[in-house]
Amino acid sequence: MKKQDRAELFRQRLLQRISESGVSRSELARLCQVDRSTIAQLLNDDAVRLPNAHLAAECAAALGVSCDWLLGLSERSETSTDLLLTACEITDAERTPADIQLLEWHKAAAGYKIRHVPATFPDILKTDDVLHFEYAAYRDKTPEQASSTMQETIEWLKAPGSDYEICIPLHAVTSLFEGTGYWEGLPSTVREQQVEHLISYCRNNYPALRVYLFDSKKVYSSPVTVFGHLLAAVYVGRYYMVFRERGQVQALTEHFDHLVREAEFDARSIAEQFEQIYMRGKTSS
C-alpha cells in the first residue's frame, strides 16, 4: 500500500473510531498527551499524513483498538489482548434440543454452510418419540418443549439457501437402530418409525441436507459444529469451546471435510444405506 493510501485509511479509521466511541477530539488529544492541533492535522483531509509510531500507538490505546487496524495492517480492530480472549471462549451447553445458544448460532449463520458432527444422533433427524425417550430425564426442558423448539429449527433449515452437512459415526446409527448401548430400552416400534422418518427426510431434503457416515475405527471426531466462517463450537459436555479466529475455524472446517472424504457412504445414496443397515440388524438379531 502506498504511503498516501495508508495515511488516508488511518484518517478514515481514526474518524470512524472517534465517532463510535464518543471520544471528542479534545479528549483524544488529552489522552494522547498532544496538542489538539496535532489531532486536527491527522484528521484533515487536505493534508493527510501518517503519525509517528508513538502517536499511532497512543491513539489506538485511547480508542480501544489495535494499532495494526488503524494502520491498515489488520481487518480486526480488537487489541491483541481482546483477540486472545475471544479467539477461544467457553460457554455453557444446555444439552437439550432446545439449546438457545445453538439456535442463535444457527440464525446468525443464515446463508452459510453449516457442518455438524453430533454427540449421539442429530436432533434434527429424530422423531418426536425418540426425542421424548432421550430427553425425558432432563429437568430444564420438557420433551414437549424440546420437540416444539426443534421443529422450529427444522422449519428454519428448510428455508431457501439452506446448506447443511452432517457427519455421523456409523456406530451411532447402528446402536439407535438396534436399541443398544445409549439407546437401550428404546421400543422397536419407535425405532422402526425413526428409520422410516430418517430415510424419508434424507431423500426429501437432499441436496440442501447432506448426511455422511464415517467409521470411528478409522477416523475420529469430537462433537463439533462449524457455522460458515463465523465460528466453530466443540461440545465437551457441560460447555462449548467456541473458536472465532479465522485460522481456527478453517482448521475445524478442514477436519470436517476430511471426515466427508473418509465417509463410508455418499450423501446421495445415504437413504438406501440407512435402510440396508437397519435390515442387516434385523436379520442378524
Side-chain angles (χ1 to χ4, degrees), residues 1-93 99-115 224-236 239-255:
M1 186 182 296
K2 295 180 180 179
K3 182 177 181 180
Q4 189 69 16
D5 293 337
R6 192 175 300 282
E8 173 60 20
L9 182 58
F10 179 89
R11 185 184 75 85
Q12 292 176 0
R13 289 187 170 181
L14 190 63
L15 281 169
Q16 174 188 334
R17 188 55 189 157
I18 288 173
S19 175
E20 292 173 345
S21 66
V23 174
S24 67
R25 299 185 182 191
S26 298
E27 186 177 1
L28 179 60
R30 180 180 61 80
L31 291 171
C32 295
Q33 299 181 2
V34 296
D35 294 334
R36 190 178 186 282
S37 60
T38 301
I39 299 300
Q41 289 175 10
L42 292 178
L43 300 174
N44 185 357
D45 58 0
D46 293 328
V48 178
R49 68 182 183 89
L50 280 171
N52 60 40
H54 176 74
L55 181 53
E58 289 297 319
C59 287
L63 296 172
V65 294
S66 72
C67 192
D68 281 354
W69 180 75
L70 283 179
L71 291 170
L73 300 173
S74 171
E75 293 304 311
R76 299 291 296 269
S77 63
E78 301 97 327
T79 65
S80 57
T81 300
D82 290 336
L83 282 172
L84 287 173
L85 291 174
T86 59
C88 179
E89 60 181 299
I90 295 179
T91 183
D92 290 338
D99 188 330
I100 300 302
Q101 180 62 80
L102 274 179
L103 296 180
E104 291 301 318
W105 286 334
H106 275 88
K107 292 176 181 178
Y112 295 100
K113 179 188 288 188
I114 296 177
R115 301 168 170 89
V224 59
T225 307
V226 182
F227 298 89
H229 68 268
L230 304 177
L231 65 89
V234 178
Y235 178 66
V236 295
Y239 304 102
Y240 294 111
M241 294 183 64
V242 184
F243 301 91
R244 299 180 187 274
E245 196 274 323
R246 183 175 295 272
Q248 297 170 334
V249 175
Q250 182 60 36
L252 289 170
T253 299
E254 292 174 359
H255 162 71

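Just so it is clear, the structure is predicted and the values come from calculations on it, not from any experiment.
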Original post:
So, do Tyr240 and Thr225 sit near enough that their side-chain heavy atoms are less than 4.5 Å apart?
Top reply: no
Original post:
How long is the gap from CG on Leu9 to CG on Leu14, to the nearest 0.5 Å?
Top reply: 11.0 Å
**OP:** Working to the nearest 0.5 Å, report the span between CG of Leu230 and CZ of Arg244.
**Re:** 9.0 Å
**OP:** Given side chain to side chain contact (heavy atoms under 4.5 Å, CB included), test Gln33 with Glu58 step by step and report yes or no.
**Re:** CA-CA 9 Å; Gln33 299 181 2; Glu58 289 297 319; 5.8 Å; no
Original post:
Is it the case that Glu8 and Gln4 place a side-chain donor and acceptor less than 3.5 Å from each other?
Top reply: no
Taking distance alone, no hydrogens or angles, what donor-acceptor pairs closer than 3.5 Å link side-chain atoms of residues 16-29 to residues at least two apart or in another chain?
residue	atom	partner	partner atom	Å
Gln16	NE2	Glu20	OE2	3.1
Arg17	NE	Leu63	O	2.7
Arg17	NH1	Glu20	OE1	3.4
Arg17	NH2	Leu63	O	3.2
Ser21	OG	Arg17	O	2.8
Ser21	OG	Ile18	O	3.4
Ser21	OG	Val23	N	3.3
Ser24	OG	Glu27	N	3.0
Ser26	OG	Arg36	NE	3.0

Original post:
Would you call Leu73 and Arg6 a side-chain contact if the rule is heavy atoms closer than 4.5 Å?
Top reply: yes
**OP:** Give, for atom CD of Glu89 and atom CZ of Phe243, the distance between the pair rounded to the nearest 0.5 Å.
**Re:** 10.5 Å
Original post:
Looking at NZ of Lys3 and CZ of Arg49, how far apart are the two atoms once the value is rounded to the nearest 0.5 Å?
Top reply: 10.0 Å
Subject >> Contact summary for Ala56 and Leu70, nearest pair of heavy atoms >> reply: O-CD1, 4.2 Å
Original post:
Can you name the closest pair of heavy atoms from Ala62 and Cys32 and give their distance?
Top reply: CB-SG, 4.3 Å
Original post:
So which heavy atom on Gly228 is nearest to which on Val249, and how close?
Top reply: O-CG1, 3.7 Å
Subject >> Approximate separation, where rounding is to 0.5 Å, of Thr253 OG1 and Arg115 CZ >> reply: 5.0 Å
Original post:
Is a side-chain donor or acceptor of Asn52 paired with a backbone partner of Leu55 at a separation under 3.5 angstrom?
Top reply: yes
Original post:
More than 12 heavy atoms of other residues, nucleotides or ligands under 6.0 Å from CD of Gln250: is that the case?
Top reply: yes
**OP:** Drop me the distance from Arg13's CZ to Leu71's CG, to the nearest 0.5 angstrom.
**Re:** 9.5 Å
